[in-house]
Structure formats: C-alpha cells, structure tokens
Amino acid sequence: MRSRPQGRRVATVARREFVATVSRPGYIATLLLLPLLMALIAVLPAIAVALAGGTSEIVGLKPPGEISLIGVVDLTARGVVDDAQIAWHNADQEAADAEERQLPGSEEVLGDKLPEFLKDKQLTDRRDYGGFDEHWRIALQRYADVDVAREAVRSGEASAVYVLDADWMETAHVTALLPERGAMSRALYPGKVAVARMVRKSLAARFVTDDAVLERLVRVMETTDETVVATEGEDAEDDGPNGLDEGIAMILPVLFASFFSLSIFVASGYLLDGIGEEKENRVLEVLLASLTPEELLLGKMIGLGGAGLLQTSVLLVLGLIPMLAMGALSLGVATIAGMALCAALGYAEYASVMAASGAVAGNRQEGRQISAVFTLTASSPMFVLPVFLAAPDGAVSVFLSLFPPTAPMAMTMRLGLGDVPLWHVAVAVVGMAAAAWLSWRVGSRVFRVGILMTGARPPLRQIWAWIRTA
Amino acid sequence: MNAPLAADLLDVRGVSKAFRSTKAVDDVSFAVREGEVFGLLGPNGAGKSTLIRIMLDIYRPDAGSVLVFGHPMERADLDRIGYLPEERGLYKKRRVIQVLRYLGQLKGLTAQGATESADRWLARLGMQEYRDSKVQTLSKGNQQKIQLIGTLLGDPPLLVWDEPFSGLDPVNANQVRDLLLELRDAGTTVILSTHLMSQAEAICDRVGLVHGGRLVICGPTEEVRVSHGGPQATLEQAFLTVVGA
C-alpha cells in the first residue's frame with residue numbers, strides 16, 4: 001500500500017497532537033513562566049537599586065540633587081592644587097546645578113597653543129564632564145593632611161578623598177581614601193573625574209592665559225551628538241544620541257534570529273518526546289491499524305510543529321516588543337518573513353530525521369542522545385557567531401548559510417545582520433526545501449520500520465537497509 | 001494450503017520476512033474466508049504477530065504478497081479492518097471517551113459518529129460507567145476491553161485480534177468470547193491469533209498452526225484435530241504431534 005497521506009487523517013492526528021501538547025502542565029508552565037522570568041531578569045537591576053535605597057547607595061554618592069563632597073590632599077613639593085581652581089569647580093557646579101545647564105557641544109583644536117605635556121589623550125576624553133552630569137553634584141574641598149582627610153571620610157563628611165602623593169609629578173600616583181573597598185571602581189568615578197579636571201586646570205592655568213582656551217582645555221567634549229552618515233546604497237538613519245552601542249545593536253538582530261531557530265529545536269524536541277512516549281505506552285501499533293506510518297508522521301510533524309511555533313511566537317513577541325520599543329531593531333517585514341521561512345524549512349528539514357531518531361531509539365533518553373547529532377549540526381553556526389559578526393558576507397558565513405544542514409540558522413543570522421544578496425537567499429531556500437524532501441524520504445522509511453522495533457537499537461547497516469527497502 | 005477462493009476475504013501468498021539473520025516468517029500461504037473465525041495459532045515467538053503486521057501492511061514482506069478484500073491493500077481498506085495488536089496501549093492520561101473518539105475519527109468517522117459508536121459499544125460491554133474516566137484509573141482488564149471497543153468502532157467487516165484474552169479474568173474472557181461469536185454470527189470475519197489452543201478449539205471455524213515462522217497445518221479445526229491428533233485428541237495434542245514435541 002503506497003498511497004498519498006490522507007489530509008483528513010493527517011489533520012486529525014495534527015489536531016490531537018497539538019491539543020495534547022499545549023494542554024500539558026509543562027507546556028503551559030513554560031509558556032507562562034519563561035516570559036515572567038524574562039521580565040524578571042529585565043527588571044532585576046531596577047529592583048536591586050530600589051531595594052538598596054536608590055541610585056546613590058549603589059554608587060556611593062549622595063542622591064541626585066544633593067552635593068557630594070570629594071576631598072583632595074596635595075602632598076607634592078611644588079603644590080599642584082590651586083585653591084582658585086577648587087573654587088572655580090565649585091562655582092561651576094553650583095551654576096550648573098542652579099541652571100540645570102545643558103552644556104553646549106563643541107570641539108576645538110588647540111593646536112600649537114597647548115603645552116606639550118598637556119597633549120594627553122585624556123584631554124579629549126568624552127567622559128571629561130567634570131563630575132557633573134544629570135545625576136551627580138560634586139563639591140571639592142582641600143584637606144590639609146591625610147589624617148584630617150581620613151577622619152572626613154570616616155565621619156561621612158567626604159565621600160572620598162584623593163591624595164596626590166609626594167612623587168605625583170613623576171609617577172601620577174594618587175591614593176584614594178574610600179569609605180569601602182572597591183567603591184572607587186564602581187562608585188566614585190564622577191568624583192575622580194572632578195578632581196582630575198580641577199588638577200588639570202590648576203596646571204594649565206599656570207601656562208595658558210587665554211580664558212577661552214583654558215575653558216576648552218577642561219571641557220573638550222561635554223556633549224556629543226551622533227549622526228550616522230549613509231554610505232552609498234544605504235538609507236541614512238539617525239540613531240541620535242540615545243542609540244544603543246554599535247555592538248549591542250549588532251548582536252540584537254542575531255539574538256532575534258536565534259529565536260526563530262529555537263522553534264526548530266523546540267518543536268523537534270516535542271516530536272522526539274512524543275514518539276518516545278507513544279513507543280513506551282505501546283500506542284503506536286494501535287494507531288498504525290488506522291493510519292499509514294506516513295500519515296502518522298506527517299500529522300505529528302504538523303501538530304507538534306504548531307505547538308512549538310506557538311511557544312516560540314509568544315517568546316518572540318515578548319522579546320520583539322521591548323526591542324522595537326528600544327529602537328534596537330530595525331528589521332523590515334521582508335527580513336522577518338525570510339527568517340520565518342528559514343525556520344519553517346529548517347523544521348521540515350529536521351523533523352523527519354528527529355522522528356526517525358525517536359523511532360529507532362529504545363527509549364526517550366536514547367532518542368535524545370541520537371538526536372543530539374542533528375541538534376548540534378543545526379545549531380553549529382551559533383558556535384562561530386563571532387565570525388558572523390565580523391564578516392556576515394565572509395566565506396564561512398556564506399558557506400554555512402547555503403549549506404542545507406546549517407542554512408536554517410546561518411541564513412537567519414545573516415538576514416538579521418544586514419543585506420543578503422537575493423540569490424543567496426534563493427539558493428538557501430531551494431537547498432533547504434530539497435533537504436526537507438530528502439529528509440522526509442529517509443526519515444519516513446526509518447520511521448515506518450523502526451517505530452515498532454523494541455530492544456536494542458539497530459546498527460547503522462540495518463537502518464540503511466530499511467531506507468533502501470522499506 | 002488453500003487455493004484462493006472468490007469468497008476469500010484475505011489471501012496470503014508465499015510471504016516471507018526476515019529481521020537481520022532471523023527468518024520470522026517463511027513462505028506462508030493461507031486464505032481466510034468471509035464470515036469465519038480463523039485461528040492463527042502457535043507458541044510465543046512463532047511469527048504470528050509478524051505475519052499479522054505483514055497482512056496489515058505495517059511491515060513489507062521480503063517475498064510474497066497479500067490480498068485483502070480481493071486486492072492488494074489500499075489506504076481505504078484500513079478503515080474496514082479492526083486491529084487489536086499484541087503490543088497495545090492507550091493514552092493513559094486521557095479520558096476513555098476522548099481516546100475512543102480519536103480512534104474512531106482515525107477510522108474515518110466524524111466526531112459525532114465516533115462518539116455514538118463508542119457509546120454503543122461501551123454499553124454493549126457494560127463499560128458505560130468508565131466513559132469519562134481517565135484510562136490510567138481503569139484495571140488492566142478494563143483497559144483491554146476499551147482497546148477491544150476501539151477495534152469495533154465503525155463496525156468493520158474484518159477484525160484481527162492478536163491475543164485478545166491475555167490479561168483477562170475468566171469472566172471477562174467469556175464475555176469477549178461471546179462477543180466474538182456474536183460478531184461472527186452477524187457476518188464479521190475474525191482472525192484470532194492466540195497461543196491458547198483450548199480457546200481456539202472452542203471458537204475457531206478453521207485454524208492455521210504456525211511454528212518457527214512456517215505454517216505447519218491449516219484447515220477446519222475439527223479436521224486438523226482429528227487428522228493430526230486422533231479422535232480423542234485435543235487441538236494442542238495435534239499441534240504437538242505435528243511439531244514433534
């Protein structure tokens with residue numbers, strides 16, 4: 001009896017498999033708990049901040065709006081710190097605080113006017129905002145000696161004190177007196193910057209007489225507006241100053257793409273487990289009294305594929321919404337449709353052989369072990385993710401995206417990373433469709449015979465014989 | 001061996017099947033006539049279940065052919081055969097009526113038709129009270145009766161029951177035997193595979209004895225018993241005589 005699968009029987013099996021799977025407590029729990037977990041992960045940092053009593057506790061400074069005192073002790077023989085510049089800083093902070101000033105963005109080339117020793121890259125450091133930003137207010141104060149400074153930190157009067165050691169001119173070595181271990185690296189950075197700026201201005205004031213130059217010397221790039229200039233053949237898009245870092249913006253589409261690929265493994269996993277369970281329950285032969293093995297396999301593929309698709313779609317939408325809201329994704333409809341097509345073909349490509357794995361395995365555990373070969377093959381492009389990120393159009397990326405076993409994930413990743421030549425997509429789609437057909441031919445034959453086998457797993461030679469004769 | 005007749009519902013011709021180096025079925029031929037109970041007998045491991053799987057096209061034979069309803073098996077024939085396999089189970093976490101409705105739909109019935117057919121057979125076997133119970137809460141014997149009902153949905157003209165009495169207590173075994181005879185009287189053809197010779201002797205119109213993958217005797221039950229065992233012999237004694245045990 002070699003006949004085409006009957007649509008009605010296939011639909012009956014598909015509906016039963018779908019309903020049975022989506023009504024399982026484990027499925028429902030995953031569907032509900034995973035998004036909750038994702039949301040929890042997203043808000044956890046904010047919760048931690050709130051529990052710690054606000055942002056200031058985290059960074060070791062006083063809350064926004066209050067002024068944190070940062071001390072400085074000058075032990076250098078030449079007396080680097082200039083009280084006038086401390087006053088300048090404090091006045092600057094007060095003025096900024098009062099005006100809630102948005103400092104103008106500018107960049108000026110100092111050229112020959114700048115003394116040689118000040119030609120330091122730190123001068124053009126973007127972070128050189130003098131301890132002022134929208135959150136922190138830093139007031140500077142000189143302490144006469146280290147003992148007084150220690151007491152100031154101990155009593156909480158000063159958030160930190162920076163001591164310019166006696167050999168500072170030679171070594172630039174500074175000792176920081178901190179209220180707790182590790183505070184400087186994670187907390188008092190605005191204070192450190194403020195001290196550095198004040199010291200720099202103290203030194204510069206001795207050599208630079210032009211106030212405008214002096215001003216630019218200490219405030220080189222207070223704010224930065226970023227404008228993306230379109231290269232040839234691309235549309236310009238201005239991410240604005242709030243756009244995400246390039247690295248994050250680059251990897252998010254790949255993560256998004258991996259969601260699609262995830263559906264292949266989720267649905268195939270259900271297929272594998274479902275067959276293993278029916279084999280253990282001995283239901284399969286009862287079903288084969290009414291169905292051809294091909295109808296049973298096709299119905300399972302559709303029903304369990306639907307269950308996997310539903311689960312992945314929920315996660316995808318939950319992941320997609322925040323990404324779109326953050327402006328982190330700018331994928332077009334065509335790109336997303338292409339990713340979905342790759343995922344669907346990938347599932348068709350792997351489902352049959354995964355089902356065959358379940359059929360020849362003695363139990364579910366063994367089925368998972370056998371199917372790991374296919375899972376690893378399908379997900380192998382993720383192992384070379386850096387290669388994709390560095391060169392989406394490189395030889396490795398192109399090969400993996402056209403090679404049918406790796407194409408579902410690799411092509412999805414490339415689509416997420418940018419423009420892919422249409423012929424690449426076409427070749428990949430044709431290759432995956434052909435592989436899906438071949439997989440069906442081989443998988444259904446192994447499934448037909450293996451499904452009723454019990455005991456030890458047959459050797460590969462025997463499986464090959466089934467493929468040829470079943 | 002019987003020559004195929006016009007009224008043969010099933011015709012097995014020179015069928016062989018091997019698994020690796022083991023020959024499970026070796027050149028077997030026989031025919032089953034419409035409206036009879038045909039007993040496929042033999043000890044465990046004789047090859048009966050493999051032979052049945054070949055008859056139902058679950059396994060493809062290495063050699064030989066099978067005609068069902070006068071032609072090679074077609075997809076539509078599956079809906080006209082009720083099969084109770086030896087290795088059987090049910091979806092344990094589903095309710096009885098859900099399982100039966102599903103099995104009925106797989107036989108081509110509508111959901112309503114499958115439910116009505118299931119309810120009728122549940123009533124016939126006194127199982128209505130378990131209609132909405134989960135399968136796993138039923139005793140092994142009752143689960144087996146549910147499986148039997150699963151083969152009767154849609155009233156197929158050919159039943160193939162592989163070891164239907166195993167796991168049943170005497171009361172339920174008698175109930176199933178009565179049901180089987182009732183079906184035969186109503187014109188249903190039954191192929192009964194069993195290793196219980198006494199049951200077969202009491203029920204079957206004709207028998208085929210399978211041993212070591214080969215069909216060693218085939219004919220009317222009474223004729224086989226007398227010609228191979230003697231007037232006073234049982235069917236089991238006749239079988240033992242044939243295989244030389």
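Chain letters run A, B, ... following the sequence lines, proteins first, then strands; residues in each count from 1.
- The heavy-atom pair separating B/A31 from B/D8 by the smallest distance is CB-OD2, 3.2 Å.
- Contact of B/L106 with chain A is made through backbone and side chain together, with heavy-atom distances under 4.5 Å.
- Ring centroids of A/Y270 and A/F18 are separated by 6.0 Å or more, keeping the two rings apart.
- Judged by distance alone, the side chains of A/T21 and A/R16 never bring a donor and an acceptor atom under 3.5 Å apart.
- Heavy-atom pairs under 4.5 Å with chain A were tallied for B/K93, B/R53, B/Q105, B/Q147; the largest tally goes to B/R53.
- Both the backbone and the side chain of B/I58 come within less than 4.5 Å of a heavy atom in chain A.
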Subject >> Derivation of the salt bridge (Lys or Arg N to Asp or Glu O under 4.0 Å) call for B/D11 and B/R13 >> reply: CA-CA 6 Å; B/D11 187 6; B/R13 296 176 176 177; 2.8 Å; yes

